[in-house]
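Predicted, not measured: the structure shown is a model, and the values here were computed from it. Per chain, numbering begins at 1; letters A, B, ... match sequence-line order.
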Amino acid sequence: MAHSGRNRAAVGLIAIALGVTACGGSTGPSASTAASVSAPPAAASASAPAAAAPKTLDVVKWDSPPSFGNVTINVVGDAGQNLLPYQFWKDDFAKAGITTKVTEVPFDGVYEKLKTEFVAGTGAFDVVTFYPSYIGDFASNGYLEPLDSYMAKQPAAVWDPNQQDVLPVYRELYDKWAGKTYALTIDGDAHVMVYRNDLFTNPDEQAAYKAKYGTQLKPPETWADWLQVGAFFTRKSGEKLAGQTLDHDFYGSAEFAKRGFSYAWFVDRWSSSGQLYFDNKMTPQINTPEAVAALQNFVDSLKSAPPDVRAYGYDELKDALIKGNVAMVVQWTDVPKKGADPSVSSVVGKLAVGRVPGTNVGGQVIHRGAMPVGRVVAVAADSKNKDAAYWVAKHVAYDRSLEDVSTPLTGLDPYRTSQLGHPEAYTMFADKAGAQTYLDGLKVALADGFPEILIPGAAQYDDILDLHVSKALAGEETPQVALDTVAAEWNKITDNLGRDKQTQLWLSALAGYRSLGLIK
Amino acid sequence: MAALTSRRRLPRLGKASPIRPRYLPTLLVLPAFVVLLAITIFPLLFTATLTVLSWELTTNAPARFVALGNFATVLFEDSRFWNAMRNTAVLVVVGVGLQVILGTGLALLVNRVRRGRTLIVSLLLIPVMIAPVVAGFQFRMIYNDQSGPLNYLIGLLTGGLWHGTAWLADPSVALISILLADVWQWTPFMILIVLAGLQAIPEEIHEAALVDGATPRQQATHITLPLIVPVIVIGILVRMMDTFKLFDIVYQLTAGGPGSTTETIAYYTYLQGFKYFSLGYTAAMAFIQLAVITIVARVFLGYQKRTQNRGSL
């Protein structure tokens, strides 16, 4: 982007901030609000007492670069546990003459914080952590440094992030834009179903279910099953569950129903219908009868969920399961690790992982699961220390990545073939077999993965979808009205951003999805 | 200012001073004027310019001139804007109304206290001194459906008949929950304002009324309240303008949800400006809010002027 354009935009942003204040508005959250904002896969605060680094595994062979000579690398990311690697490996950075200074921003505020800094050209950050749905926006606007030349530097043990080891879906969709690598994956998010295996295998519960519905009790295969099984397990305090008298209400299922990412739980239900966000002419496909039925299913599921489920974000949903209050959830793939950790979980050894329920299409059940969030690290184009910044990014994305994804201290999920091949690293599970079962579940979940909208404007498209899904969940709108409104609003966004350009970008994204087998 | 402009009171400048006395007032005011120009007037004018542009930073496409199109869209097509205005109006009218009633009542009580008043006022002011974002976090814990103290107390007080509700998740009560958090935080401010007004009333007026046989009730309704009305009006105005900008608690507690039941105009403006990066549209929204606040302020200040002209304090 030309400097003059950036300067004008920066003046515009500052003027908006001051002007809105002068006009009686507000300038939004500051980074200081970070620690108190609920953050999907980022529960614990990194500003909490220093966490000890996980045991080093030495699976990846890497070398430290020659000292950069006491440079400070400013890192930014969503607050909480996923910034802990910078704390874990500070000695590695020190050895390379690097001090990292980490800035935490609210989980919901990553896009606005980074975009504002990029537009204003402040150069405040060297290494930026963000959700890959923003890569189209950030890379196409020239905010990120292309990494291909850094990756090719020698010696390879210092500079090569071994991208061939990264699962293709993450390498191609998360890390690249227009054929160039702009980012390195550090968190491979996908949804899985996590359920209380002890309840599903309990003979009393199996008999009761058979008596009530005439079929075998098993983890839900379809979203219709989800409602039925959810209703079955919903019990009042004083009733019996698996032979035990409950001292609190128990619920069949729970959802991420708080505004922010509730749209992904709708996408879980809708994507298995085989439809996509837009057609080839960028006409929204979000209000089809299948989509409306999917949203209706989401609305109906709240009947078997805790009464405050509309305030459930990542933490609340995870806690509902691992504190023993619900029978099943669809969640990010880090939750089984938390559930296996006795220091936070009361259902250790009782959880199992399964495919996200699907939809019966022509007699065949199709399973798809959303892949919301995920995290990548990139080097800001206006960084003053790009080599050092790249090495910091590469160090967390590759050298120490197995340690980072296999500890329950972070919410980072596997994204490399090598990470799926080392069950012994996941020591929170009772044994290697338990870890292998978890990793096998992840492989299945990844095979079912359904991509996010990865073109510029993704934050706007997602926010509008999320708002109206939330309105449907709150009873403000019917599913049909909600999704019709989303379609109309998406058209407005597309027109605002330039329909021709957006259509081109969407077609390019579609080609990428197809080549990776994410859509058929 | 009068002192500054009076030549008689200007400090004597030495013969060698290059500053001529008649420029001194201007020079003294200049720094403040420059700061004002930089952080208020320029942004305001620039924002006014933005209102007639469509400028989407998401794609960095060049800004387009759309005349009054942004205003027309906000006012006639954007139902979300009106929903946010409605939610804000509820918080302003009901919330500030409760703060005035509770604040005035508590100030009258505190005013009667002779010993330990300073300590009581200091303790009452604690909520005001807490950062709104911290207050929001605190209320998130208080309102927690399953482990929050509020529902626990409700269960205890009703003998288990009612265990409270999902304060932040139930669409019918979420806005009330936000409102109560705001009332808790800012009622002490009204107490402080009204108490200051009460203490400014000369004791002799009450003594004269007592001599004339006025009952305590008559003194309250015919002397005390009329005399503190101008102070209350200022308090209401400050709180109304502040509540119009309510953001932190909403961001912390509900992020505008469930649905859009707690989305305030400040929160919606933030989303348009810093999530959608629609600069022109956000500027138009901000100017409409400025117009609303200005009209409300004019009404209140006019009322206050009239009451002062009638001889109040």
Query raised in the report: Counting heavy atoms not belonging to F65(B), are there more than 12 under 6.0 Å from its CZ?
Result: yes
Query raised in the report: In terms of heavy-atom contacts, does CZ of R64(B) have more than 12 from other residues, nucleotides or ligands at under 6.0 Å?
Result: no
With a 4.5 angstrom heavy-atom cut-off, is it the side chain or the backbone of [X] that approaches chain A, or both, or neither?
{"X": "L45(B)", "result": "neither"}
{"X": "T49(B)", "result": "neither"}
{"X": "Y143(B)", "result": "neither"}

Does any heavy atom of chain B fall under 4.5 Å from the side chain of [X], the backbone, both, or neither of them?
{"X": "N325(A)", "result": "side chain"}
{"X": "E476(A)", "result": "side chain"}
{"X": "L473(A)", "result": "neither"}
{"X": "Y312(A)", "result": "side chain"}

Side chain to side chain, [X] and [Y], heavy atoms closer than 4.5 Å:
{"X": "L467(A)", "Y": "S260(B)", "result": "yes"}
{"X": "P307(A)", "Y": "D145(B)", "result": "yes"}
{"X": "Q146(B)", "Y": "H248(A)", "result": "no"}

Nearest heavy atoms of [X] and [Y], plus distance in Å:
{"X": "K115(A)", "Y": "L57(B)", "value": "NZ-O, 2.7 Å"}
{"X": "P171(B)", "Y": "R310(A)", "value": "CD-NH1, 3.8 Å"}
{"X": "A311(A)", "Y": "A169(B)", "value": "N-CB, 3.6 Å"}
{"X": "K275(B)", "Y": "D108(A)", "value": "NZ-O, 3.7 Å"}
{"X": "G109(A)", "Y": "Y251(B)", "value": "N-OH, 4.3 Å"}
{"X": "Y276(B)", "Y": "I464(A)", "value": "OH-CD1, 3.8 Å"}

Requested in this report: For chain B, find which of V309(A), D137(A), D463(A) contributes the most heavy-atom pairs closer than 4.5 angstrom.
Outcome: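 Between V309(A), D137(A), D463(A), the count favours D463(A).
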Query raised in the report: What option among D249(A), I493(A), N496(A), V469(A) has the most heavy-atom pairs under 4.5 Å with chain B?
Result: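 It is N496(A).
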Report task. Nearest 0.5 Å please: distance from the OG1 atom of T485(A) over to the CZ atom of R80(B). Result -> 11.5 Å
**Report entry** F274(B) side, atom CZ; K113(A) side, atom NZ - distance, nearest 0.5 Å
**Finding:** 11.0 Å
Query raised in the report: Is there a donor-acceptor pair under 3.5 Å between the side chain of N141(A) and the backbone N or O of T58(B)?
Result: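 Yes, the answer is positive, given that a donor and an acceptor are paired below the 3.5 Å cut-off.
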Query - Residue among V292(B), T261(B), I265(B) with most heavy-atom pairs under 4.5 Å to chain A - result: T261(B)
